[in-house]
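Quick notes on the structure that follows.
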Amino acid sequence: MLPTIEQYRDALDAPHGLMRTLGGIEPQRDIYEQVVSVAGNKAVVFNVMHLGRRMLLKCWFKPNDGARQIYDYLREHPSPLLSQVDLLPEELYVYDNNGNGRWVDVLAGEWTEGRTLYREIALAVRSNNHSALLALTHSFMQLAVELDRAEWSHGDLKPENIIVTPRGTMKLIDYDALWFPGIVPGGSCEVGTPGYQHPLRDHLTPGKERDHYPIALILTTLMLLARDPSLYLRRGIDYGVLFDPEAILEGRSPLYLQLFDLARQQNDTPLCELLRL
């Protein structure tokens with residue numbers, strides 16, 4: 001059984017002597033001097049300083065059997081779309097609640113500066129900033145083109161996994177669902193976040209096709225918001241930016257149906273094609 005989030009926090013609260021190779025780690029702390037972390041579905045990420053350089057530490061609290069082959073592949077096939085990361089075996093010593101300790105693997109690598117695309121969208125719509133939303137649309141289109149050229153697919157493409165850098169370019173984070181040619185079946189068995197994946201996607205969905213639906217969904221969302229930021233306030237959902245993929249498939253998304261009908265009335269062929277999600 002893997003350590004809990006709290007046990008990882010305790011280890012990094014005073015990491016001296018608990019790191020096998022990364023000596024001198026200093027985690028980011030909040031105003032109460034508590035270690036800051038961001039938890040996902042399977043892992044928790046820490047923002048740390050190491051030898052004057054900001055980096056991330058990712059620690060799994062649920063099994064991720066495909067991690068070794070995914071991160072070995074990324075080390076051998078670097079991409080400007082991705083941050084440099086390394087899987088360090090038995091790097092961190094963590095104690096359980098009974099005082100028993102053991103070494104566990106962690107992912108260490110470059111900290112990507114910037115804000116998530118989700119955050120950038122929220123900031124732009126709240127200030128009714130059409131030009132910012134249009135710039136995000138163009139940057140995402142460039143990301144989509146480069147992603148289509150890559151031989152791998154991200155597998156969990158969503159605004160929370162896209163960082164908008166201070167230069168306005170976009171980089172991807174969180175590679176646990178990555179697919180690449182030659183990956184051993186079962187190595188990446190995640191099917192992505194429901195709010196951004198086609199409801200019919202499963203583990204058998206061909207690898208390069210896994211990103212097609214979320215690319216279309218995110219691009220459509222950005223294009224619509226750039227035209228009318230107020231749509232964000234009419235979304236009526238808790239998951240996603242504008243649309244619920246399952247509701248779209250079942251024909252029970254009033255906003256989607258309304259916008260699709262409007263695009264057809266205006267003979268907006270590009271938007272109609274994108275809206276055929």
Side-chain angles (χ1 to χ4, degrees), residues 38 40 81 112-148 153-174 177 192-199 201 210-277:
V38 178
L81 299 181
T112 305
E113 296 293 342
R115 291 191 289 240
T116 67
L117 177 57
Y118 191 92
R119 178 65 174 156
E120 290 287 354
I121 291 172
L123 290 171
V125 296
R126 286 170 187 166
S127 59
N128 200 39
N129 193 331
H130 292 262
S131 60
L133 289 162
L134 190 59
L136 291 174
T137 303
H138 290 157
S139 292
F140 182 76
M141 289 175 67
Q142 183 60 44
L143 174 73
V145 168
E146 295 175 7
L147 187 54
D148 188 57
S153 62
H154 182 272
D156 191 15
L157 201 63
K158 59 182 178 179
E160 293 91 334
N161 282 342
I162 302 170
I163 298 295
V164 182
T165 71
R167 295 179 299 166
T169 57
M170 295 185 181
K171 295 189 73 169
L172 302 174
I173 59 172
D174 192 352
T193 302
Y196 299 97
Q197 301 296 327
H198 195 287
R201 172 180 163 177
R210 294 180 178 185
D211 290 342
H212 291 176
Y213 184 89
I215 285 174
L217 181 65
I218 296 169
L219 181 55
T220 303
T221 297
L222 287 168
M223 289 178 64
L224 289 167
L225 289 174
R227 298 180 182 193
D228 183 3
S230 70
L231 291 172
Y232 189 81
L233 302 176
R234 297 166 50 196
R235 55 187 182 155
I237 58 174
D238 295 321
Y239 213 15
V241 177
L242 279 185
F243 304 117
D244 176 356
E246 188 171 333
I248 291 175
L249 183 66
E250 297 175 357
R252 53 179 179 82
S253 174
L255 180 60
Y256 171 79
L257 295 172
Q258 176 188 352
L259 293 171
F260 199 176
D261 186 55
L262 182 61
R264 284 185 294 193
Q265 291 177 24
Q266 296 176 344
N267 294 317
D268 191 335
T269 303
L271 185 55
C272 281
E273 290 303 312
L274 277 173
L275 281 165
R276 297 183 194 279
L277 295 165

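In this chain, numbering begins with 1 at the start of the sequence shown. Just the heavy atoms: all of them, side chains too, but no hydrogens, waters or symmetry mates, feed the values below.
- Counting only distance, with no hydrogens or angles, the side chain of Ser139 and the backbone of Gly168 share a donor-acceptor pair below 3.5 Å.
- Panel note: side chain Asn161, backbone Asp174; no donor-acceptor pair is recorded below 3.5 Å.
- Here Tyr196 contributes atom OH and Asp244 contributes atom CG; the two are 10.5 Å apart, rounded to the nearest 0.5 Å.
- Interatomic distance, CG of Leu259 versus OG1 of Thr220, reported as 10.5 Å (0.5 Å rounding).
- Looking at heavy atoms from C-beta onward, Val125 lies out of side-chain contact with Leu231 at the 4.5 angstrom threshold.
- The environment of CZ in Arg264 is crowded: more than 12 heavy-atom neighbours from other residues, nucleotides or ligands sit within 6.0 Å.
- Looking only at side-chain heavy atoms (C-beta outward), Pro245 and Gln197 stay at 4.5 Å or farther from each other.
- With rounding to the nearest 0.5 angstrom, the CD1 atom of Ile215 is 5.5 Å from the CZ atom of Phe140.
- Tested against Met141 for a side chain to side chain contact (heavy atoms under 4.5 Å, CB included), the candidates Thr137, Leu143, Val145 yield a single pass: Thr137.
- Side-chain contact between Leu217 and Leu242: absent, with no pair of heavy atoms (C-beta onward) separated by less than 4.5 Å.
- For the pair Tyr232/Leu133, no side-chain contact is recorded, criterion being any heavy-atom separation below 4.5 Å from C-beta on.
- To the nearest 0.5 Å, the span separating CG on Leu136 from CG on Leu219 amounts to 12.0 Å.
- Partner Thr116 forms a side chain to side chain contact (heavy atoms under 4.5 Å, CB included) with one of Val164, Ile163, Ile121 and no other, that one being Ile163.
- Residues Arg227 and His130 approach most closely at O-CE1, 3.4 Å, considering heavy atoms.
- To the nearest 0.5 Å, the span separating CE on Met170 from CG on Leu81 amounts to 12.0 Å.
- Shown here for Asn129 and Ala132, the closest heavy-atom pair between the two residues is OD1-N, 2.9 Å.
- Considering CG of Asp156 and CZ of Arg210, their distance stands at 11.0 Å, rounded to 0.5 Å.
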